[in-house]
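For reference, the structure is listed below as structure tokens.
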Amino acid sequence: MTIEEQFQHKIEEEIKIEPKDWMPDKYRQTLIRQISQHAHSEIVGMLPEGNWITRAPSLKRKAILLAKVQDEAGHGLYLYSAAETLGISRDEMYHQLHTGKAKYSSIFNYPTLSWADIGAIGWLVDGAAIMNQVPLCRTSYGPYARAMVRICKEESFHQRQGFEILLVLSKGTEAQKKICQDAINRWWWPCLMMFGPADEQSPHTAQSMQWKIKRFSNDELRQKFVNMIAEQVKVLNMTLPDPDLRWNEERKQYDFGKINWEEFWNVLSGNGPCNKQRLDARKKAWEEGAWVREAAAAYAEKKAMKAHTQVA
Amino acid sequence: MIGEYGTKYYYGDYGEGKGGTPATSSQQQTQEEMNSWPLWEVFIRSKQGLDHKHVGSLHAADAQMAMENARDVYTRRNEGISIWVVESKYIHASNPDDAGSLYDPANDKAYRHPTFYNLPDEVKHM
């Protein structure tokens, strides 16, 4: 067996690939890109929600939102740490984000206009993320799979708290019901786009399927998500903004309307409502945090030197 | 439209932007790398009586910061009661390529396993 065949054999036997194992360059590059962009999405994803920490309607909601946003930071860090095992440095990943080389999920380029958006993000955005992330717990690269297991354990709280926010609003005043429906209307279509282009338009998932980085196609996961949400929205007494949404008895699935892919590509290429704002916030945090990084490094160095002279 | 962005689009992989420079090209970046905090491996004991288990890594300027960051990143939900942090450069790992010669001597010693011995059924619980 050649070294490539040995590698593929391991994948087929469901033996995880670990950092020091031989792997094809393309596998390594694909993983670095996917994991780092996934990490960036978690970090940038803190921004739209962070917007509401100081505006949360009660102390309880504020504490919950703080914990959730802190979780997102944690998820980013698990993933950066997994990506680093493939030989890319943390600084290089940040650099790729700040210069626009690395992308992040287009969903985080939409604004959070009302408190109900925080509910919609938890229920719909995190719901879509869970749909994608659960299969990634079995992805073929060990450190990525282990990070995903940890992330998935924590996501369930995120989705439930989001749904609960909307549930409370849905039983509230007319104004509260209105912002609830409005948030669902604005987040629904961008959430469907989170699953990526239709299968016939993304012909290259084949390689990732063969390497078992990815386990289900975009459309399969999107359909599962629609089936789930179309039922849950009834509990809220709200509707999804899609006149074509209806149960198909023959397919035993929900049919749904056409996605505006032009919008997706537009947001992805930098022209979404908040792309500039998000990237500027990340760059500002990095630049203005420079003195902290330097000071901590200098302090550690001084301490190490002191300890050294004491020994000598 | 698709071709312009490459073809590999699926969850968590959004292709690459056309902008951006290779990270290692600039002088400033090299400087940053030199200033960056070292990498630490984190091990957590989930409860009394169990071993510390590797959970991941993080960056920190010194051991105290590594400990505090490990607490925040890896034990937000009571996952641990004890944390070890070790600077990654001090970990020496076996090479997977040596697996053959490293573990081969154990393969032909089946007599080390209890199932190697056939005992009559009357001998219970041994």
Side-chain angles (χ1 to χ4, degrees), chain A residues 18 20-22 30 33-35 37-38 41 67 70-71 74 77-78 81-82 84-85 89-92 95-96 99-106 132 136 143 146-147 150 154 194-197 201-205 207-208 214 218 221 261-262 265 268-270 293-294 296-297 299-300 303-304, chain B residues 1-2 4-26 28-42 54-66 69-70 72-77 79 88 93-99:
Chain A
E18 295 294 344
K20 296 190 95 185
D21 294 345
W22 184 89
T30 301
R33 192 171 64 233
Q34 179 169 341
I35 301 172
Q37 298 192 359
H38 194 162
S41 302
Q70 192 193 13
D71 272 357
L77 293 170
Y78 304 151
S81 138
E84 278 175 281
T85 64
S89 76
R90 185 77 60 99
D91 285 356
E92 197 172 338
H95 185 74
Q96 289 180 347
T99 56
K101 184 180 186 338
K103 304 266 181 203
Y104 54 87
S105 177
S106 56
N132 281 292
L136 284 175
R146 292 193 285 275
R150 199 166 287 126
E154 301 182 350
M194 281 176 72
F195 294 87
Q201 287 188 312
S202 48
H204 218 298
T205 50
Q207 178 68 86
S208 277
K214 188 179 167 65
N218 295 349
L221 292 169
W261 289 114
E262 205 176 326
W265 295 114
L268 200 65
S269 59
R293 296 193 298 276
E294 283 159 23
Y299 177 67
K303 259 199 329 193
Chain B
M1 216 55 193
I2 313 255
E4 190 182 340
Y5 298 98
T7 45
K8 295 180 64 66
Y9 281 102
Y10 38 87
Y11 186 77
D13 188 352
Y14 313 102
E16 286 177 348
K18 282 171 289 186
T21 46
T24 44
S25 70
S26 69
Q28 185 209 347
Q29 185 64 18
T30 325
Q31 195 59 37
E32 286 276 5
E33 302 264 340
M34 276 160 54
N35 288 341
S36 69
W37 299 340
L39 189 66
W40 300 74
E41 301 299 323
V42 181
H54 183 246
V55 293
S57 60
L58 49 78
H59 288 270
D62 57 25
Q64 189 195 344
M65 189 195 283
N69 288 357
D72 289 345
V73 178
Y74 292 104
T75 65
R76 286 193 304 282
R77 288 177 176 75
E79 289 93 337
S88 308
S94 62
N95 187 335
D97 296 342
D98 300 337

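All chains are named by letter (A, B, ...) in the order of the sequence lines, taking the proteins before the strands, and each is independently numbered beginning at 1.
Applying the salt bridge (charged side-chain N to carboxylate O under 4.0 Å, His left out) test to B:Glu79 and every residue at least two apart in sequence or in another chain returns nothing. Not a single salt bridge (charged side-chain N to carboxylate O under 4.0 Å, His left out) links B:Asp97 to another residue, sequence neighbours left out.
Contact annotation for A:Gln70: both backbone and side-chain heavy atoms come within less than 4.5 Å of a heavy atom of chain B. Contacts of B:Ser88 with chain A are absent, with no heavy-atom separation under 4.5 Å from either backbone or side chain. The contact between B:Ala93 and chain A is made by backbone and side chain atoms together, counting heavy-atom distances below 4.5 Å.
Of the listed residues B:Val73, B:Leu39, B:Asn95, the one with more heavy-atom pairs under 4.5 angstrom with chain A than any other is B:Val73. For the set B:Asp72, B:Asn69, B:Leu58, B:Val55, the count of heavy-atom pairs under 4.5 angstrom toward chain A peaks at B:Val55. Highest contact tally toward chain B, considering only A:Gly74, A:Ala296, A:Ala82, A:Gly270, is held by A:Ala296 [criterion: heavy-atom pairs under 4.5 Å].
Annotation: the span from A:Asp91 atom CG to A:Glu84 atom CD amounts to 9.0 Å, rounded to 0.5 Å.
Ion pairing of B:Arg77 with A:Asp71 is present here, as a side-chain N (NZ or NE/NH1/NH2) and a carboxylate O approach within less than 4.0 Å. Between A:Arg146 and A:Glu18 there is a salt bridge, since a side-chain N of the basic residue sits under 4.0 Å from a carboxylate O of the acidic one.
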